[in-house]
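Each remark here refers to the structure printed beneath this line.
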Amino acid sequence: MTTADQETSGTAHTEDPDGTPGEREYDGLSPRQARRLRVVVATVVLVTLAVVLALRLASRTSVLVVGVYGLAMILCGVVIELSRHGRTRLGTWLLGTGLLAALAADWLLLP
């Protein structure tokens with residue numbers, strides 16, 4: 001097995017102390033698990049934003065409320081698609097900064 005095969009297989013081949021080849025698992029999430037986790041997190045955030053949007057619209061109707069929460073929900077959909085296509089790190093950064101921007105806009109812009 002070549003070095004490239006070892007890197008793509010997700011396991012590293014090492015020799016045990018007695019000299020026999022063995023395998024050890026890498027720590028952390030595999031890329032597939034990270035993508036699935038990001039899709040689940042973005043979906044949960046999307047549903048939560050929909051509930052918050054409904055509650056905010058029940059208390060007061062404003063185009064800004066729909067705009068802020070609507071853009072945050074669109075961002076969650078973009079993050080889900082990025083994660084499905086293997087751009088997990090970019091999706092993580094977008095989700096984090098987008099949610100912080102939505103919270104800041106909610107706090108600063110909305111009455």
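The structure displayed is predicted, hence computed values, not measured ones.
Leu53 places a side-chain heavy atom less than 4.5 Å from the side chain of Val65. Side-chain atoms of Cys76 and Leu95, non-hydrogen and from C-beta on, do get closer than 4.5 Å to each other. Put simply, the side chain of Leu99 reaches to within 4.5 Å of the side chain of Leu49, judged on heavy atoms.
Under a hydrophobic-cluster definition in which Ile, Leu, Val, Met, Phe, Trp and Tyr are linked whenever side-chain heavy atoms come within less than 4.5 Å, directly or via other members, Val44 and Ile74 are assigned to different clusters. Placement of Val47 and Val45 in two distinct hydrophobic clusters is found when ILVMFWY residues are connected by side-chain heavy-atom separations under 4.5 Å, directly or transitively. Residues Leu103 and Leu71 do not share a hydrophobic cluster, clusters being chains of Ile/Leu/Val/Met/Phe/Trp/Tyr side chains in contact below 4.5 Å. Using a 4.5 Å cut-off between side-chain heavy atoms of Ile, Leu, Val, Met, Phe, Trp and Tyr, with links allowed through other members, Leu75 and Leu64 fall into the same hydrophobic cluster.
The main-chain N or O of Val78 is never found under 3.5 Å from a side-chain atom of Glu81 such that the two would form a donor-acceptor pair.
Contact record, Val39 with Ser83: CG2-CB, 3.7 Å, taken as the closest heavy-atom pair. Contact between Ala42 and Ile80 at its shortest, heavy atoms only, is CB-CG1, 3.5 Å. Contact record, Met73 with Leu46: O-CD1, 3.4 Å, taken as the closest heavy-atom pair. Residues Ala102 and Val68 come closest through the heavy atom pair O-CG1, 3.7 Å. Here the closest heavy-atom approach between residue Arg35 and residue Gly86 is recorded as CD-CA, 3.7 Å.
Checking Leu29, Leu82, Val79 one by one against Arg38, the side chain to side chain contact (heavy atoms under 4.5 Å, CB included) holds for a single residue, Val79.
Expressed to the nearest 0.5 Å, how far CZ of Arg36 lies from OG1 of Thr88 amounts to 12.0 Å.
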